[in-house]
Protein chains: 2
Amino acid sequence: MALRHAVLAALLDGEYSGYQLAKIFDLSVSNFWHAVPQQLYSELSRLETEGLISGRQIIQHDRPNKRVYTVTQAGVDELERFAATPAKPGIIRENLLVMVQAVDHISADAVIAQLEERALASAAKIELFEHTLRHLRGDLDEEAFLQSAAPIGPYLTCLRGRRFEQENHEWFTSTARLLRARAGATAEGGEPA
Amino acid sequence: MALRHAVLAALLDGEYSGYQLAKIFDLSVSNFWHAVPQQLYSELSRLETEGLISGRQIIQHDRPNKRVYTVTQAGVDELERFAATPAKPGIIRENLLVMVQAVDHISADAVIAQLEERALASAAKIELFEHTLRHLRGDLDEEAFLQSAAPIGPYLTCLRGRRFEQENHEWFTSTARLLRARAGATAEGGEPA
DNA sequence: CAGCCCATGTAACGAGTTACATGATTAA
DNA sequence: TTAATCATGTAACTCGTTACATGGGCTG
């Protein structure tokens, strides 16, 4: 039971359908939790039967109807209990780092190519985060916004996400450069001390 | 099938038992992959039946016997194939960020307490990484080491891990401070514009 | 002598992933 | 007319987690 709290936390921000949530998970919740759409659909059903969220049907004429959900008081209480129990340490799964770990024993070219590709992707993601942050704080500068009465949870987690991507970008870039340089050096035949 | 490559990459570094691997996963592989001991024991059996690693029994008199494993050529080939296929984007799961996301709707005290606790834990982890890095590079300074002929994969992933923990520490600390300040401000009754 | 470290394993359960299915509207 | 977006669901399967079991040696 772990995804449920991420879904509840995301739904605090507004009334969303499974489909909408899936997109929100993709671009902002993924900073702290990963889930594919199927997980959301089934988790939403479960949360509704348990009374932690309540859904209502929205009839649409130009596109399929949808069911949107809001967090109930029971849902907020559940989040309160969740925050009161010690958080397990976070986990990371990153195949690209697995490859770098093994890079001394396999051909480096494929690894370098992937590092460079991911560097581009992370640059794009940083842009997105910048945009989200500007949007969330509106007219205020960051300091003023963080001292305002407005909700700041989503802003704070987005700050963490941006920083993570910035560090990814930096590491992808410098690691690719280094591996390239070494590939060049060994190709030229020189093995230093 | 994802854990297998992390196990193979970790085993490139030496000959280890399941028990030893579990500890290695805890303190360094966790930078890019998470696994509990049970997963390792069963994954090791599977990898051995598939011929990607080969194990041998070590008889010990002062403590239980153990089975240690090394990566076979087939295992290295498997890693080579792995590195040649596009890596899926990494995933993160961090309950503490879920709590911060929800912090506007629940009482902040528990969240602040956890942030401060985790800040301490990440400081300790940074120390560990520093130590590992010094150990890996031996007498050389970082630049010289990274240009040497020595294996650098483990060093590079450790660099990423250290940076991640540094950023965690920074974010835990500043977020806790901010939430504390806001708690104080609202307790004193003042809600700014 | 209590509790931790070493060392591995089975079994049950819970969570996550993938495939498949449906079907309307809209943009290229 | 091909593809993408919207919108949700069932079912099969793989993976991850927890509980339980065993047992000797070492440390305080």
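Bear in mind the structure is a predicted one, so any value in this text is a computation, not a measurement. So that the names make sense, note that chain A is the first sequence line, chain B the second, and so on, each numbered from 1. No hydrogens, no waters, no symmetry mates; every other heavy atom, side chains included, goes into these values.
With C/dA7, C/dG23, D/dC26 as the candidates, the nucleotide lying closest to the side chain of A/Pro64 is C/dG23. Closest to the side chain of A/Asp62, from the set C/dT18, C/dT26, C/dG16, is C/dT26.
Ion pairing of A/Glu15 with A/Arg56 is present here, as a side-chain N (NZ or NE/NH1/NH2) and a carboxylate O approach within less than 4.0 Å.
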Side-chain donor-acceptor pairs under 3.5 Å in residues 108-120 of chain B, sequence neighbours left out?
{"from": "B/Gln114", "atom 1": "OE1", "to": "A/Ala87", "atom 2": "N", "distance (Å)": "2.8"}
{"from": "B/Gln114", "atom 1": "NE2", "to": "A/Ala83", "atom 2": "O", "distance (Å)": "3.0"}
{"from": "B/Gln114", "atom 1": "NE2", "to": "A/Thr85", "atom 2": "O", "distance (Å)": "2.8"}
{"from": "B/Glu116", "atom 1": "OE1", "to": "B/Arg180", "atom 2": "NH2", "distance (Å)": "3.1"}
{"from": "B/Glu116", "atom 1": "OE2", "to": "B/Arg180", "atom 2": "NE", "distance (Å)": "2.8"}
{"from": "B/Glu116", "atom 1": "OE2", "to": "B/Arg180", "atom 2": "NH2", "distance (Å)": "3.3"}
{"from": "B/Arg118", "atom 1": "NH1", "to": "B/Glu94", "atom 2": "OE1", "distance (Å)": "3.3"}
{"from": "B/Arg118", "atom 1": "NH2", "to": "B/Glu94", "atom 2": "OE2", "distance (Å)": "2.9"}

Taking it one step at a time, do B/Arg163 and A/Glu170 satisfy salt bridge (Lys or Arg N to Asp or Glu O under 4.0 Å)? CA-CA 11 Å; B/Arg163 184 50 73 91; A/Glu170 173 63 30; over 6 Å; no
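In this structure, A/Lys88 reaches the D/dT18 phosphate: one of its side-chain N or O atoms is under 4.0 Å from OP1 or OP2. For the pair B/Lys23 and C/dC5, the criterion of a side-chain N or O lying under 4.0 Å from OP1 or OP2 is not met. The side chain of A/Ser17 contributes an N or O atom lying less than 4.0 Å from OP1 or OP2 of D/dT8. OP1 or OP2 of C/dT8 sits under 4.0 Å from a side-chain N or O of B/Tyr41.
Of the two residues contacting DNA chain D, namely B/His61 and A/Arg93, the nearest-nucleotide position lying further toward the 5' end is that of A/Arg93. Both B/Ser45 and B/Tyr19 sit near DNA chain C, but only B/Tyr19 has its closest nucleotide nearer the 5' end. Nucleotides of DNA chain D nearest to A/Asn65 and B/Arg63 differ in position, and the one nearer the 5' end is that of A/Asn65.
The distance from atom CD1 of B/Ile91 to atom C1' of C/dT17 is 11 Å, rounded to the nearest whole Å. In this structure, B/Tyr16 places its OH atom 17 Å from C1' of C/dA7, rounding to the nearest Å. When rounded to the nearest whole Å, the span between CD of B/Gln60 and C1' of D/dC26 equals 14 Å. D/dT8 atom C1' lies 16 Å from atom CD of A/Gln39, rounded to whole Å. As rounded to whole Å, 14 Å separates atom P of C/dG9 from atom CD of B/Glu43. Distance, A/Leu3 CG to D/dT17 C1': 16 Å, rounded to whole Å. Between the CG atom of A/Leu21 and the P atom of D/dG9 there is a distance of 13 Å, rounded to whole Å. If you measure from atom CD of B/Gln57 to atom P of C/dT8, you get 8 Å, rounded to the nearest angstrom.
Annotation: B/Tyr69 is not in aromatic contact with B/Tyr16 [ring centroid separation under 6.0 Å not met]. Between A/Tyr19 and A/Tyr41, the ring center distance fails the sub-6.0 Å criterion.
A/Gln38 contributes no side-chain N or O that forms a donor-acceptor pair with the base of C/dG16 under 3.5 Å.
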